[in-house]
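Quick notes on the structure that follows.
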Amino acid sequence: MASKFPHLRQDFAASIVVFLVAIPLCVGVAVASGVPAELGLITGIVGGLVTGLLPGSSLQVSGPAAGLTVLVFEAVSEFGVAALGVIVLMAGLLQLAMGFLKVGRWFRAISVSVVEGMLCGIGLVIIAGQIYAAAGLKAPETGIGKIAGLPGAFTDALGNSRALASLAIGAGTIAIIVLWKKLPKKAQAIPGALAAVLLATLASLVFSLPVATVEVEGLLDAVQPPGSDAFRELATPAIWGTIIAFALIASAESLFSAAAVDRLHDGPRTQYDKEMIAQGAGNTVCGLLGALPMTAVIVRSSANVDAGAKTKASRVLHGVWLLLFAAALPAALALIPLPALAGILVLAGWKLIPFRQLAGLWRGHKGEALILVVTAVSIVAVSMFEGVLIGLALAVIKAAWEASHLKTEVIDKGAGPIQVYLSGNATFLRLPKILDNLEALPQDRPIEVDLSGLHHLDHACRTALENWAQRHSAPDIEPVRVKTVGLVRATAP
């Protein structure tokens, strides 16, 4: 057995750690998404048993992610829980298509600022929304409403004993998770999030605290394959925007996570297109079961690596343990206080906000920092999908602007021709500036234009330069001379 599976002991131990990390996250993400808790466990099981078996990234672990919570909640609110399965199914099929068409590697070209801004915006919305959940209050629907309503929510909670008890459980959960890292290594064998949930559950039972707990339906009852009514929703154009958003955001998050996990170990590197296929297969199965969408989750993946996993066996086994838990101990879920899960998600949202990256970008690349902030604010102010589109549009505009960077240097020694040097990239975006500089030159002096420093000259600029050279000089003045290196011909009037 040892020769057949040389790393079985390490993978088995790692799978237990990942399973213990996954339980509170699976349940918490489901509850925050507005769906039954069991659906989060189902997605975790599929992430282990389906995606875990497929090639791609050997140590990356998939399951329901906090990063998709906002988008799932919006979709459930707009289309209903019954339509969630068909949305996830179509998103999975779209991921499969992108994987087979080898689009996966191109996700690495997405601006990091947009992805960080997306995660930051999601983190802010999660934190604001889960503070209401921690107090047992109903959160406003919009991101702006959630943040603006926080002072009023705290005021309401201070005069309500139930809300105060609920907030105490949520705050206690956060405190335990933060302080757990300061305990000896042996104590940290139990993940902080799981320890916090267990202690919060124990406290609510011992002191009979009036806090809401997870509603349990049973694993089989929670499975809701999409029916014919759900497939009829595909005729609605609005649902396709949600499907595309699910596919693109889940893919980007998974592939960025894969790149991060690759930096944590020395094993085989991620095969991006195969990982896209694995994620698509997992989401297709999740859609058929009516479960939550999945992504690769950096929290579980890093726990897997840190626990000493060597092969994909650890993530497959973690799916087995989730299945056994969901089948044998579903009643245990009904004891978990909702504010404890809210506390876990507040910390998950906090981790999504890239404080360190933002500070570094602001020092060295203010344009990238601005894209990050605008993307995050747009997600909070408008919605997830529109916010990401705004961020991508800004990134494209910035790239186009930088790609058209052009320097114009005019040298006039008082005698002889005026010399003009153009260097950089001459594109239509810079054409007005180029023509303004050239047309400001005197017409009664010889002019030499040197284009040898240009890396790129597009058709619009070439045509405009030729036309300017033909008409600029006065009739009795030597025509404009253009020095090129295979870019344009010198043009005489």
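Only heavy atoms go into these numbers, but all of them, side chains included; no hydrogens, no water, no symmetry mates.
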Between Thr270 and Gln60, a side-chain donor and acceptor under 3.5 Å: no

Heavy-atom closest pair, residues Val76 and Gly34: CG1-O, 4.1 Å

Non-hydrogen atoms of Thr201 and Pro337 that approach each other most closely: OG1-CD, 3.3 Å

Spacing of Leu71 atom CG and Ile379 atom CD1 [to the nearest 0.5 Å]: 10.0 Å

Pair Arg269-Ser58, side chain to side chain contact (heavy atoms under 4.5 Å, CB included): steps then yes or no: CA-CA 8 Å; Arg269 304 294 91 182; Ser58 59; over 6 Å; no

Short side-chain to backbone donor-acceptor contact, Ser15 and Phe12, under 3.5 Å: yes

Cation-aromatic face contact Lys366/Trp362, 6.0 Å, 45 degrees: yes

Ser251 versus Ala247, closest heavy-atom pair with distance: OG-O, 2.6 Å

Gln130: which of Leu341, Val31, Leu345, Leu338 passes side-chain contact (heavy atoms from CB on, under 4.5 Å): Leu345

Nearest-0.5 Å distance that lies between atom CD1 in Ile277 and atom CG in Leu101: 9.5 Å

Worked verdict on Thr51 versus Asn283 for side chain to side chain contact (heavy atoms under 4.5 Å, CB included): CA-CA 9 Å; Thr51 304; Asn283 274 319; over 6 Å; no

Donor-acceptor contact present, side-chain Ser301 to main-chain Val61, <3.5 Å: yes

SG-CD1 distance between Cys286 and Ile42, expressed to the nearest 0.5 angstrom: 8.5 Å

Sidechain-backbone polar pair: Gln95 side chain, Met276 backbone, donor-acceptor under 3.5 Å: no

Non-hydrogen atoms of Leu164 and Ala157 that approach each other most closely: CG-O, 3.3 Å

Under 3.5 Å: donor-acceptor pair, side chain of Ser33, backbone of Val29: yes

N/O donor-acceptor pair under 3.5 Å between Asp11 side chain and Lys310 backbone: yes

Distance (rounded to the nearest 0.5 Å) between Ser62 OG and His318 NE2: 8.5 Å

Under 3.5 Å: donor-acceptor pair, side chain of Thr43, backbone of Met294: no

Side chain proximity check, Leu68 to Phe73, heavy atoms < 4.5 angstrom: no

Beyond-backbone contact of Leu183 with Leu179, side-chain heavy atoms, under 4.5 angstrom: no

Separation of Ile190 CD1 from Ile16 CD1 (nearest 0.5 Å): 12.5 Å

Test item: Leu84 and Val72 side chains (from C-beta on) under 4.5 Å apart, heavy atoms: yes

Heavy-atom neighbours of Leu324 CG exceed 12 at 6.0 Å: yes

Donor-acceptor pair, side chain of Lys146 and main chain of Pro140, under 3.5 angstrom: yes

Under 3.5 Å: donor-acceptor pair, side chain of Thr236, backbone of Ala238: no

Closest non-hydrogen atom pair, Pro64 against Gly40: CG-O, 3.5 Å

Lys274, NZ: over 12 other non-hydrogen atoms inside 6.0 angstrom: no

Side chain to side chain contact (heavy atoms under 4.5 Å, CB included) between Leu292 and Val35, intermediate numbers included: CA-CA 8 Å; Leu292 288 171; Val35 302; 3.7 Å; yes

is_close_aromatic(Trp240, Phe246), centroid dist under 6.0 Å: no

Non-hydrogen side-chain atoms of Pro36 and Leu39 separated by less than 4.5 Å: yes

Under 3.5 Å donor-acceptor, Ser166 side chain and Ala134 backbone: yes

Heavy-atom side-chain contact between Thr213 and Ile336 under 4.5 Å: no

Note, Arg232 side chain near Asp229 side chain (heavy atom, < 4.5 Å): yes

Gap between atom OG1 of Thr375 and atom CG of Leu392 - 0.5 Å precision: 7.5 Å

Minimum side-chain heavy-atom gap Phe79-Thr242 below 4.5 Å: yes

Side-chain (Arg315) to main-chain (Gly52) donor-acceptor, under 3.5 angstrom: yes

Glu275 versus Gln279, side-chain donor and acceptor atoms under 3.5 Å: yes

Results of ring-ring contact (aromatic ring centres under 6.0 Å, His included) for Trp350 - residues two or more places apart only: Phe355

Stepwise side chain to side chain contact (heavy atoms under 4.5 Å, CB included) check, Leu333 with Phe325: CA-CA 10 Å; Leu333 297 177; Phe325 172 82; 3.8 Å; yes

Heavy-atom side-chain contact between Tyr132 and Leu150 under 4.5 Å: yes

Ala342 versus Ala133, closest heavy-atom pair with distance: CB-CB, 4.0 Å

